[in-house]
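Here is the structure we will look at, set down as structure tokens.
Below, each value reflects all heavy atoms present in this structure, side chains not excepted, and no hydrogens, waters or symmetry copies.
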Amino acid sequence: QVQLIESGGGLVQPGASLRLSCRASTRTLSSLTMAWFRQAPGKEREFVATVSIGSTNYADSVKGRFIISRDNAKNTVNLQMDSLRPEDTAVYYCAATLTLGILKRPSSYFYWGQGTQVTVSS
């Protein structure tokens, strides 16, 4: 069983930055594929970024603005979000799976955090 706890959400103005963190209750973070998804009101949950075995992948909408990274020593996965836009407003979820590889579908992930709200508004 892996528990995921997100933190770092908030309300920011367009163009600002936020850093989300996801702490996992496991000492083998490096053996998991980790990802961030987001869900805006009335929309389906969508892929944001993932990291697995040193490889990363991003949704086209965040490429060049967001960076996913993991700190295995601290059992955390971070999402650095720069140049935020109003359309980035959503609840952001951390997800994990034992399956290795670049996985972009929510159904590929077994473990989920509770979500953290990110609001970008002037």
Side-chain angles (χ1 to χ4, degrees):
Q1 184 75 9
V2 178
Q3 292 183 326
L4 305 174
I5 301 175
E6 302 103 332
S7 61
L11 169 64
V12 296
Q13 294 186 339
S17 298
L18 272 178
R19 183 180 177 88
L20 304 183
S21 291
C22 173
R23 184 174 180 87
S25 63
T26 176
R27 296 182 179 180
T28 58
L29 187 67
S30 60
S31 65
L32 299 173
T33 292
M34 304 295 296
W36 287 94
F37 288 79
R38 66 187 182 187
Q39 188 166 17
K43 295 187 177 181
E44 294 186 351
R45 191 166 298 189
E46 66 173 2
F47 167 76
V48 175
T50 185
V51 56
S52 181
I53 325 175
S55 297
T56 58
N57 195 277
Y58 299 90
D60 288 342
S61 60
V62 307
K63 203 172 293 183
R65 299 187 299 123
F66 291 11
I67 297 176
I68 188 172
S69 62
R70 75 160 109 206
D71 186 336
N72 292 331
K74 296 182 179 180
N75 294 332
T76 59
V77 175
N78 302 307
L79 185 68
Q80 177 66 39
M81 306 187 295
D82 298 325
S83 302
L84 283 162
R85 305 167 180 170
E87 53 264 39
D88 294 319
T89 295
V91 176
Y92 283 70
Y93 296 91
C94 177
T97 179
L98 293 172
T99 303
L100 298 179
I102 298 301
L103 306 170
K104 300 183 182 182
R105 293 181 300 177
S107 60
S108 298
Y109 292 83
F110 189 78
Y111 304 104
W112 290 86
Q114 81 286 354
T116 184
Q117 177 71 46
V118 171
T119 303
V120 185
S121 175
S122 54

Check for a donor-acceptor pair, side chain of [X] on one end and backbone N or O of [Y] on the other, with a separation under 3.5 Å.
X: T89; Y: V120; value: yes
X: T33; Y: T99; value: yes
X: T116; Y: G9; value: yes
X: T50; Y: M34; value: yes

So [Y] and [X], do their side chains get closer than 4.5 Å, heavy atoms only?
X: P14; Y: P86; answer: yes
X: S7; Y: L20; answer: no
X: N78; Y: R70; answer: no
X: T97; Y: Y111; answer: no
X: R38; Y: S61; answer: yes

Rounded to the nearest 0.5 Å, what's the gap from [atom1] on [X] to [atom2] on [Y]? Could you check?
X: N75; Y: L32; atom1: CG; atom2: CG; result: 9.5 Å
X: L11; Y: S121; atom1: CG; atom2: OG; result: 6.5 Å
X: Q13; Y: T119; atom1: CD; atom2: OG1; result: 13.0 Å

For the hydrophobic clusters of this structure (ILVMFWY residues joined by side-chain heavy atoms under 4.5 Å, transitively), does one cluster hold both [X] and [Y]?
X: L100; Y: Y109; value: no
X: V2; Y: F110; value: yes
X: L84; Y: I68; value: yes
X: L103; Y: W36; value: no

Closest heavy-atom contact between A40 and A90?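 Where A40 meets A90 most closely, the heavy atoms are N-CB, 3.8 Å.
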Looking at every heavy atom in both Y92 and V48, which two are closest together, and how far apart are they? CE2-CG2, 4.3 Å
Does [X] [atom1] have over 12 foreign heavy atoms under 6.0 Å away?
X: Q114; atom1: CD; result: yes
X: E87; atom1: CD; result: yes
X: K63; atom1: NZ; result: yes

Let's go through S17 and D82 carefully: what are the C-alpha distance in whole Å and the side-chain angles of both, what is the deciding distance for side chain to side chain donor-acceptor pair (under 3.5 Å) to 0.1 Å, and is it a yes or a no? CA-CA 4 Å; S17 298; D82 298 325; 2.7 Å; yes
How far apart are the C-alpha atoms of V51 and S69, what are their side-chain angles, what is the distance that settles it, and do they pass the side chain to side chain contact (heavy atoms under 4.5 Å, CB included) test? CA-CA 7 Å; V51 56; S69 62; over 6 Å; no
Is the Y58-F47 ring centre distance short of 6.0 angstrom?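 That pair fails the under 6.0 Å test.
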Tell me if the aromatic rings of F37 and W112 count as close, with their centers under 6.0 Å from one another.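 Ring centres of W112 and F37 closer than 6.0 Å.
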Is the NZ or CZ atom of R45 both under 6.0 Å from the centre of the six-membered ring of Y93 and within 45° of that ring's axis?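 Satisfied, under 6.0 Å and within 45°.
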Considering the options V91, L18, L79, which one meets the side chain to side chain contact (heavy atoms under 4.5 Å, CB included) requirement together with V118? L18
Please report the C-alpha distance between D88 and R85 in whole Å, then the side-chain angles of each, then the deciding distance to 0.1 Å, and finally whether the salt bridge (charged side-chain N to carboxylate O under 4.0 Å, His left out) criterion is met. CA-CA 5 Å; D88 294 319; R85 305 167 180 170; 5.3 Å; no
